[in-house]
Amino acid sequence: MDLKIATWNINSIRIRLDHLANFSKEHQPDIIALQETKCSNEHFPHQALEEMGFPYRINHGEKAYNGVAILSRIPIETYGNEDFNGSQHTRHQAVEIKHGHTSSKAPLILHNFYIPAGGDVPDRNVNLKFGQKLDYLTNLANWFKDDTNPHSENMILVGDLNIAPLETDVWSHKQLLKVVSHTPIEVEHLKAVQKAGNWHDVMRHFTPEPEPLYTWWSYRAKDWRASNRGRRLDHVWVTPKMADKATSVEVVTKVRDWEKTSDHAPVLTTFKL
DNA sequence: ATGGCTTACAAAGTAAGA
């Protein structure tokens, strides 16, 4: 079977329900992992999402900020959520995907992350948020290394990781070296997470360097396509067992053109199970 | 020219994004 998984920092789920409906209709994803839902569980728009064709929904949100959710057409069950830096922010949700095509005994796990943005100044001595971002990544790496945590050989990790690791993941490597999201210390921390879980970068498998690849463009540009000052902040990673099952990845830039859209474009990945 | 915009909020200016 084909399994289509989208990841999208939607920047408020409630204000963009129509966009979500249009995106779902056009691309027919089986599963959508959302970040920055900015919505407590109490106000989560279950009915609208049910009508959109997502009978399985897991929201892990809070009022006003952060928040992750996973919507699905096929059964999913929670596999846990972690607070990796003690901030009590809702930034992680893992689910088991019950796809029913069990060629392997190991469960198929999807991790959805919203990693802290990290504030303005890339120095933990003057900017607490930057320290919290680095700590989140350090603790995440340790969590993946620790065999007492629930892991599977079949895992997919998606989300807004808020770091553009490669030189061609940003519009200007030189001009962004001191800008939070592309500083060398953040890149090191992200690579440590990648190594700890033996994660493979699916987006760069299909679009190798040095081809530029972005998923986020600032709201402030008059014409985001013309200036094209993008960054690849959103990612799709897989464990080695899942790497050859991925058949395509698309950054759906068309959505970034929509009226009052998110500053992140959705990323759509297809797997053959 | 990276902050020019965008969001949430027991609402008029803050906080936060990145």
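Below, read A as the first sequence line, B as the second, and so on, with proteins coming before strands; counting in each chain starts at 1. Source: prediction; values computed, not measured.
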Do A:Asp135 and A:Arg124 sit within salt-bridge range, that is, some charged N less than 4.0 Å from a carboxylate O?
yes
Which atoms of nucleotides 14-18 of chain B (N or O only) lie under 3.5 Å from a protein N or O atom, and what are those distances?
unit_1, atom_1, unit_2, atom_2, d
B:dG17, OP2, A:Lys129, NZ, 3.3
B:dG17, O6, A:Arg220, NH2, 3.2
B:dA18, OP1, A:Glu36, OE1, 3.2
B:dA18, OP1, A:Asp160, OD2, 3.4
B:dA18, OP1, A:His264, NE2, 3.1
B:dA18, OP2, A:Tyr114, OH, 2.9
B:dA18, OP2, A:Asn162, OD1, 3.4
B:dA18, OP2, A:Asn162, ND2, 2.9
B:dA18, O5', A:Asn162, OD1, 3.3
B:dA18, O3', A:Arg231, NH1, 3.0
B:dA18, N6, A:Asp120, OD1, 3.3

Between A:His200 and A:His205, is the gap from one ring center to the other below 6.0 Å?
no
Between A:Trp217 and A:Asn228, does any side-chain donor sit less than 3.5 Å from a side-chain acceptor?
yes
For A:Leu176 and for A:Ala221, locate the closest nucleotide of DNA chain B by heavy-atom distance; then report the residue assigned to the nucleotide nearer the 5' terminus.
A:Leu176
Can you measure A:Gln175 atom CD to B:dG3 atom C1' for me and round it to whole angstrom units?
14 Å
Which value, in whole Å, describes the distance between the C1' atoms of nucleotides B:dA15 and B:dA1?
24 Å
Can you tell me if the side-chain N/O atoms of A:Ser12 get under 4.0 Å from OP1 or OP2 in B:dA8?
yes
Pairs where residues 239-252 of chain A contributes a residue and the test salt bridge (charged side-chain N to carboxylate O under 4.0 Å, His left out) is met, not counting sequence neighbours
A:Glu153-A:Lys241
Give me each pair satisfying side-chain hydrogen bond (donor to acceptor under 3.5 Å, both in side chains) with a member in residues 61-74 of chain A, each pair once, sequence neighbours excluded.
A:Glu62-A:Asn66, A:Glu62-A:Thr90, A:Asn66-A:Arg91
Over how many whole Å does the gap from A:Trp258 atom CH2 to B:dT6 atom P extend?
18 Å
Give one of base, sugar-phosphate or nothing for A:Trp171, where a contact means two heavy atoms less than 4.0 Å apart.
base
Side-chain N or O of A:Lys222 less than 4.0 angstrom from OP1 or OP2 on B:dG3?
no
Assign the ring pair A:Phe144 / A:Phe113 to parallel, tilted or perpendicular, where the plane angle (0 to 90°) is split at 30° and 60°.
perpendicular
Using only heavy-atom distances, determine whether the side chains of A:His60 and A:His92 contain a donor-acceptor pair under 3.5 Å.
no
Once you round it to whole Å, what is the distance between C1' of B:dC5 and NZ of A:Lys260?
10 Å
When the distance from CH2 of A:Trp217 to P of B:dT2 is rounded to whole Å, what number comes out?
18 Å
With a cut-off of less than 4.0 Å, is there a side-chain N or O of A:Arg229 near OP1 or OP2 of B:dG4?
no
Taking only the P atom of each, what is the distance from B:dA18 to B:dT14 in whole angstrom?
23 Å
Expressed in whole Å, how much space separates the C1' atoms belonging to B:dT6 and B:dA10?
22 Å
Nearest-Å distance for atom pair CG/P, residues A:Asp223 and B:dC5
15 Å
Please state the P separation for the pair B:dG3 and B:dG13 - nearest whole angstrom.
25 Å
